[in-house]
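Right, one structure below, let's go through it.
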Amino acid sequence: MAILIDRHSRIVVQGLTGSSGRRHGLLCRDYGSQVVAGVTPGKGGMNIDGIPVFDTVAEAVELCQADVSMIFVPPPAAAEAILEAGDAGIRLAVCITEGIPVQDMVLVNRALGDRSMRLIGPNCPGLITPGQCKVGILPSDIHRPGPIGVVSRSGTLTYEAVQQLSNAGLGQSTCVGIGGDPIIGTSFIDVLAMFNDDADTEGVFLIGEIGGAAEEEAAIWIRQNMRKPVAGYIAGVTAPPGKRMGHAGAIVSGGSGRAADKIAALRNSGVEVAENPALMAEVMQKALRSADIAGHDS
Amino acid sequence: MAILIDRHSRIVVQGLTGSSGRRHGLLCRDYGSQVVAGVTPGKGGMNIDGIPVFDTVAEAVELCQADVSMIFVPPPAAAEAILEAGDAGIRLAVCITEGIPVQDMVLVNRALGDRSMRLIGPNCPGLITPGQCKVGILPSDIHRPGPIGVVSRSGTLTYEAVQQLSNAGLGQSTCVGIGGDPIIGTSFIDVLAMFNDDADTEGVFLIGEIGGAAEEEAAIWIRQNMRKPVAGYIAGVTAPPGKRMGHAGAIVSGGSGRAADKIAALRNSGVEVAENPALMAEVMQKALRSADIAGHDS
Amino acid sequence: MKLHEYQAKELFHRYGIAVPHSHLVRSIEETGQAADALAGSCIVKAQIHAGGRGKVGGVVRVKTSRQARDAARRLLHRPLVTAQTGPHGLPVNSLLVEEIIPVARELYLSLTLDRSSGRYCLIASAQGGVDIEQTARNTPERVSRLTIDPLIGLRAYHARGVARFLGLDGPLAKEAVELILALNRCFLDRDASLVEINPLVVTEEGHLLAMDAKVSIDDSALFRQKEVADWRDETQFDPLEVRAARSDIAYIKMDGRIGCLVNGAGLAMATLDMLSECGGKPANFLDVGGGADQDKVVEAFRILLEDPAVEGILVNIFGGIMRCDLIAASLIAAAKEVGCSLPIVVRMAGARRKEGRQLLEQAELNIVWQDKLASAAAAIVRQLSPAP
Amino acid sequence: MKLHEYQAKELFHRYGIAVPHSHLVRSIEETGQAADALAGSCIVKAQIHAGGRGKVGGVVRVKTSRQARDAARRLLHRPLVTAQTGPHGLPVNSLLVEEIIPVARELYLSLTLDRSSGRYCLIASAQGGVDIEQTARNTPERVSRLTIDPLIGLRAYHARGVARFLGLDGPLAKEAVELILALNRCFLDRDASLVEINPLVVTEEGHLLAMDAKVSIDDSALFRQKEVADWRDETQFDPLEVRAARSDIAYIKMDGRIGCLVNGAGLAMATLDMLSECGGKPANFLDVGGGADQDKVVEAFRILLEDPAVEGILVNIFGGIMRCDLIAASLIAAAKEVGCSLPIVVRMAGARRKEGRQLLEQAELNIVWQDKLASAAAAIVRQLSPAP
């Protein structure tokens with residue numbers, strides 16, 4: 001089952017004719033994803049290695065039954081690209097683009113509140129259901145099908161986590177990079193809730209970082225709703241306050257958004273949090289074991 | 001029971017310190033309505049004949065538990081006054097103001113789609129539940145409590161109808177003037193649905209006019225959903241095309257919005273439509289009799 | 001409020017929408033000069049507030065300056081009657097002399113309010129230069145209607161979809177996107193209730209151009225559209241309509257003989273309907289409004305009495321906000337001032353009805369009192385009928 | 001991107017928000033002249049990209065032009081260390097010489113993003129001139145937070161509610177409404193991520209005035225905020241940070257000795273955390289980004305190597321978009337170019353890891369290869385530890 005994407009997902013790439021769009025569109029197809037169309041305004045009629053290109057997302061939906069969009073549109077036009085996907089009837093948009101102005105995302109966030117489309121990202125590596133479908137820029141070969149759901153605000157740190165998990169024999173149901181921006185379409189809680197209801201997922205690994213309060217909010221939700229073991233890691237324990245650590249959303253400001261508070265909140269909700277990034281698979285195993293014991297006890 | 005307002009409604013008047021606001025605020029109170037507060041920016045602290053005036057609707061809600069607003073704010077600020085009522089937690093706003101720019105109402109209409117407040121009007125005479133509560137500028141003395149719900153796009157034509165009904169012994173549950181503008185907060189269908197579910201209402205009189213397609217839409221709804229007899233009248237059979245007949249919304253343009261089409265649509269749905277405005281009470285009685293017979297038959 | 005074609009095109013030009021080169025002229029002399037400037041070959045278009053000009057000679061294609069002057073002589077300073085003007089037509093006080101542009105295709109584009117959704121909508125059709133409502137009725141698949149979410153507004157991707165629907169691609173699609181976005185800016189900035197380009201043409205050179213232009217401004221927004229409000233051309237209205245508008249009285253001149261004075265738009269329409277049911281013909285629609293004071297009511301009577309077509313008057317007042325005695329006093333004051341001897345039927349109901357009746361019965365006027373709408377309408381019709 | 005106080009006040013002034021009269025000066029001489037223009041009595045404020053100036057002598061109230069010159073002599077062209085600058089402080093290259101205004105009350109006002117709701121919010125407090133976060137923690141009822149629906153925007157009625165919360169009424173409430181709406185316009189027009197007035201003062205004369213001003217612009221929006229982008233003051237950054245920014249490398253100077261080069265922000269933070277866990281101290285945060293080419297990676301190495309504090313380097317790459325062999329080649333090229341003899345620990349995983357390792361092992365550099373993050377961190381820390 002997995003969540004969000006599977007072998008039936010039909011993907012349109014917004015910005016397919018740009019260098020990143022083309023490269024990752026083809027890599028996704030190589031992985032086995034059904035990449036059915038591309039969209040670049042003014043380039044309708046072209047094709048990229050057999051993938052037809054249209055001027056509008058509406059055409060990709062109408063003519064190729066696309067239901068998932070992967071967005072590589074540059075920052076000045078990216079927010080509008082998300083809105084276009086929403087209006088065209090796309091079910092899931094995955095926005096890889098980094099550097100979209102916050103004001104644009106405030107509007108997108110508001111508009112998507114009234115629409116049925118789910119947005120992942122922006123400024124995210126996308127997501128993968130190993131063995132079935134990849135929508136994003138994640139390296140394919142580190143993933144293994146399995147029972148662990150992964151959700152993360154980060155990119156390469158997620159790959160690190162996934163490699164540790166795979167090496168430890170813990171394959172993944174779906175890995176979702178939700179993005180490092182201050183405003184993102186899908187939160188930890190959204191993904192946790194999906195994993196909670198997903199029969200293929202037995203435990204969840206959560207990767208957070210400094211900035212905002214999404215991990216604290218997730219911690220509360222986990223305490224109240226989560227029926228599966230959760231382990232995690234929070235990056236940025238040593239980050240100096242007031243500095244934006246690469247991601248637009250990764251900043252400790254005025255005493256809020258600190259890693260220590262997030263770790264405490266998660267532990268308070270029973271989440272196994274790794275002391276350092278070398279121990280990510282270990283805490284996941286520990287969480288699974290504890291749940292198993294608790295399960296046997298009950 | 002009646003609909004929308006009753007003796008428990010607590011009314012704030014936005015624009016109470018203006019001449020119309022003051023006059024009709026006091027007339028409503030004279031009728032027995034609980035007029036608990038007024039709002040005029042910059043005049044907070046005043047009082048109008050014992051009614052306290054505040055700078056914001058939020059204060060009227062907080063300090064006087066107002067739940068209904070009657071709006072007499074001039075056109076340039078009226079749309080914002082409606083939005084303010086919506087944000088302050090008002091349940092029902094009744095906007096009397098005529099001449100609000102359409103562009104402002106497009107925004108209000110969109111904003112109220114996401115909010116719980118119902119808007120009646122603008123450009124309407126308000127509504128009355130005879131013997132209990134009046135919110136608007138309708139003349140009090142023609143109304144009698146009774147079983148007929150009245151809904152109308154017009155003002156004085158409604159009074160004409162009500163007088164005919166009262167003279168014929170047909171009192172009213174609630175009379176609602178929904179307003180003569182192209183964009184209004186509450187449609188015929190909204191009010192018909194409320195009357196349909198109201199135990200105190202046995203039949204409905206509907207007063208339409210040229211322009212738009214609200215009557216045609218109501219006709220379809222009536223055919224599919226209405227369990228109570230409906231009679232009505234449509235004004236403007238002789239109105240020349242392309243001319244705005246007083247109300248901003250009353251215009252036949254390009255073959256749409258004609259009275260004849262509206263009358264046909266309503267009759268097609270079993271509504272008794274008066275041939276002329278002198279016969280309004282008669283068609284209502286006829287509709288009630290037919291329903292009665294149908295009721296006995298079944 | 002309608003704009004003239006030349007005013008609409010001036011607006012379009014400011015928003016970067018291409019329009020033909022043209023000169024606005026008000027005399028035969030100026031017409032000749034303008035035609036000369038275009039080497040004689042041009043189109044002469046009567047500027048009136050109504051469509052249907054082409055079918056009645058209001059749009060003339062000429063080859064020489066002399067022909068242009070002939071057209072001007074025929075059109076200027078007299079009324080032009082089209083299917084949309086009514087029988088008396090509208091006066092032609094100016095002409096637009098425009099270059100002739102070779103056309104490859106004619107399209108249709110407009111923005112207006114969609115009342116059902118309460119949102120603005122963009123209407124487009126690849127079939128331009130003809131009546132859009134007819135196209136929509138006969139071949140609805142050839143008309144695209146896009147309602148616009150005010151949160152998001154009209155965006156480039158919407159415009160691209162419309163360009164595609166219109167069968168435009170390549171550089172023309174790009175031009176279309178820019179034009180549609182410009183038209184939308186113009187529509188919103190100016191509080192328009194309608195902007196229409198019919199036809200929007202693809203020129204033989206491969207560019208888009210607004211061949212005709214229709215713009216109406218939302219009357220309710222004129223208070224914040226000062227510039228455009230100043231463009232009002234009062235010659236396009238009946239003088240009594242202009243006068244009524246100044247006093248904020250809703251008045252529309254009609255063809256009959258019975259002057260009507262009513263309070264409330266719905267009741268005024270119903271009164272006309274009732275009159276017509278009784279075989280009468282109204283001379284006007286007149287809604288004196290809700291909050292009328294005595295001055296306004298007196299002015300309303302003056303307007304009725306100054307209409308030479310009016311042979312009798314029907315007053316129908318439902319007192320609510322407005323008191324019947326005020327109406328009565330105003331009627332008496334106005335009749336005295338103007339010296340009215342026409343038959344008047346008065347029907348009043350509601351607030352202060354009794355006091356109003358008393359006032360009228362004491363006045364020395366040719367007034368018949370009626371209690372009901374139907375009998376009032378019948379009474380005025382009867383009075384104006386030729387004796388049997 | 002932070003603005004200086006004087007830049008923020010220039011913006012405020014353009015939007016009609018009252019600020020004190022002031023002169024921006026860059027020398028002792030100019031300071032004296034500016035103070036003379038204010039009759040000697042003025043406030044001299046160091047212009048740096050950090051708060052906490054008042055507590056360390058960066059804001060000086062003087063009575064004479066001589067005192068102003070003394071203050072300038074003490075402040076200008078040297079670093080000022082405040083609680084927010086870090087231990088090295090920030091250089092003071094300009095001073096704002098401001099008139100002294102008698103103050104009746106101090107308030108707080110700001111606009112910023114509320115991340116939880118994804119909307120902008122207006123924060124206000126009647127307790128100004130102090131740390132708002134502290135007020136919010138200790139007396140939350142004294143802080144009002146209003147999130148703004150982008151469909152409707154910030155409206156006069158919201159502003160009236162805030163004015164009431166601040167205890168302002170009469171003409172002051174009206175001024176507050178105008179000021180709040182102006183601040184919001186400024187915020188949106190300029191793509192700000194923060195506008196803050198702390199304190200917003202009520203003067204003894206009974207007017208509102210922005211005594212201090214803090215504005216940050218959304219870095220992601222600088223492409224469409226050319227004017228403000230040009231206001232960047234590079235003297236307020238470490239020279240290596242300025243240089244990194246030019247190549248679009250996320251780089252932050254820190255206090256330790258271990259230079260770090262990582263791809264990905266999260267992994268870079270995790271690498272610093274891992275180092276610290278092993279007892280090491282990073283000299284920097286460096287995320288070379290996702291789509292880096294060889295030039296960018298070479299430049300990143302140059303930046304590391306030009307930091308005199310760096311005694312050893314930890315490279316942690318997870319190949320995905322970025323290929324490990326490209327990183328290896330860049331490392332070799334950079335080392336050759338700059339002549340690097342520092343110990344380097346390299347950890348690579350993911351795409352083309354094997355090829356990268358091969359390249360590095362063939363190069364004649366002081367490189368230790370590690371397979372895992374923990375051992376890599378431990379290795380560089382061990383190498384830099386003094387021999388036992």
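First the proteins, then the strands, lettered A, B, ... as listed; each starts at 1. Any value given below was found using the heavy atoms of this structure, including those in side chains, with hydrogens, waters and symmetry copies removed.
Residue B/Ile142 touches chain C through its side chain alone, counting heavy-atom pairs closer than 4.5 Å. Contact annotation for B/Gln163: only side-chain heavy atoms (C-beta onward) come within less than 4.5 Å of a heavy atom of chain C. Using a 4.5 Å cut-off between heavy atoms, B/Gln164 makes no contact with chain C at all. Only the side chain of C/Ala250 comes within less than 4.5 Å of a heavy atom in chain B; its backbone stays farther off. Looking at B/Arg23, the atoms closer than 4.5 Å to chain C (heavy atoms on both sides) all sit in the side chain, from C-beta outward. Using a 4.5 Å cut-off between heavy atoms, B/Pro76 contacts chain C through both its backbone and its side chain. Heavy atoms of C/Leu188 lying under 4.5 Å from chain B belong to its backbone as well as its side chain. Neither the backbone nor the side chain of B/Ile184 comes within contact range of chain C, judged by heavy atoms closer than 4.5 Å. Contact of C/Leu113 with chain B is made through the side chain alone, with heavy-atom distances under 4.5 Å.
Residues B/Ile183 and C/Arg119 are not in side-chain contact: their nearest non-hydrogen atoms beyond the backbone lie 4.5 Å or more apart. Proximity of B/Arg244 to C/Asp219: side-chain heavy atoms (C-beta onward) are separated by under 4.5 Å at one or more points. Between B/Gln103 and C/Tyr120, the closest side-chain pair of non-hydrogen atoms falls below 4.5 Å.
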Side chain to side chain donor-acceptor pair (under 3.5 Å) evaluation trace for B/Ser256 with C/Glu133: CA-CA 9 Å; B/Ser256 82; C/Glu133 319 230 0; 5.1 Å; no

Full working for side chain to side chain donor-acceptor pair (under 3.5 Å) between C/Asn263 and B/Thr156: CA-CA 7 Å; C/Asn263 67 327; B/Thr156 47; 4.7 Å; no

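Ranked by heavy-atom pairs shorter than 4.5 Å toward chain C, the options B/Ser187, B/Gly212, B/Pro240 are led by B/Gly212. Annotation: maximal heavy-atom pairing with chain C below 4.5 Å, among B/Gly211, B/Ala248, B/Ala213, B/Ala239, occurs at B/Gly211. In terms of non-hydrogen atom pairs under 4.5 Å with chain C, the most contact-rich of B/Gly208, B/Ser20, B/Gly236, B/Ser154 is B/Gly236. For the options C/Leu151, C/Leu222, C/Asp287, heavy-atom pairs under 4.5 Å to chain B are most numerous at C/Leu151. The most heavy-atom pairs under 4.5 Å with chain C, out of B/Gly180, B/Ala214, B/Gly249, come from B/Gly249. Ranked by heavy-atom pairs under 4.5 Å with chain C, the list B/Pro75, B/Gly155, B/Pro182 is led by B/Pro182. Ranking C/Met269, C/Gln84, C/Arg115 against chain B, the residue ahead of the rest is C/Arg115, based on heavy-atom pairs under 4.5 Å. No other option in C/Pro282, C/Gly264, C/Ala377 has as many heavy-atom pairs under 4.5 Å with chain B as C/Gly264. Ranked by heavy-atom pairs under 4.5 Å with chain C, the list B/Asp104, B/Leu138, B/Ile207 is led by B/Asp104.
In terms of heavy atoms, B/Pro277 sits closest to C/Ala270 at CG-O, 3.4 Å. Between C/Gly266 and B/Glu209, the closest heavy-atom pair is CA-OE1, 4.1 Å. When all heavy atoms of B/Thr238 and C/Asp273 are compared, the pair lying nearest together is OG1-OD1, 2.7 Å. When all heavy atoms of C/Ser220 and B/Gly99 are compared, the pair lying nearest together is CB-O, 3.4 Å.
Between B/Glu160 and C/Lys372, none of the side-chain N atoms (NZ, or NE/NH1/NH2) sits under 4.0 Å from a carboxylate O, so this pair counts as no salt bridge.
Here the side chain of B/Asn109 pairs a donor or acceptor atom with the backbone of C/Ser117 at under 3.5 angstrom. Side chain of C/Asp218 to main chain of B/Pro101: no donor-acceptor pair is present (N/O by atom type, distance under 3.5 Å, no hydrogens or angles).
Atom CZ of B/Arg258 has 12 or fewer heavy atoms from other residues, nucleotides or ligands within 6.0 Å. For C/Asp248, the CG atom counts as loosely surrounded, since its 6.0 Å shell holds 12 or fewer non-hydrogen atoms of other residues, nucleotides or ligands.
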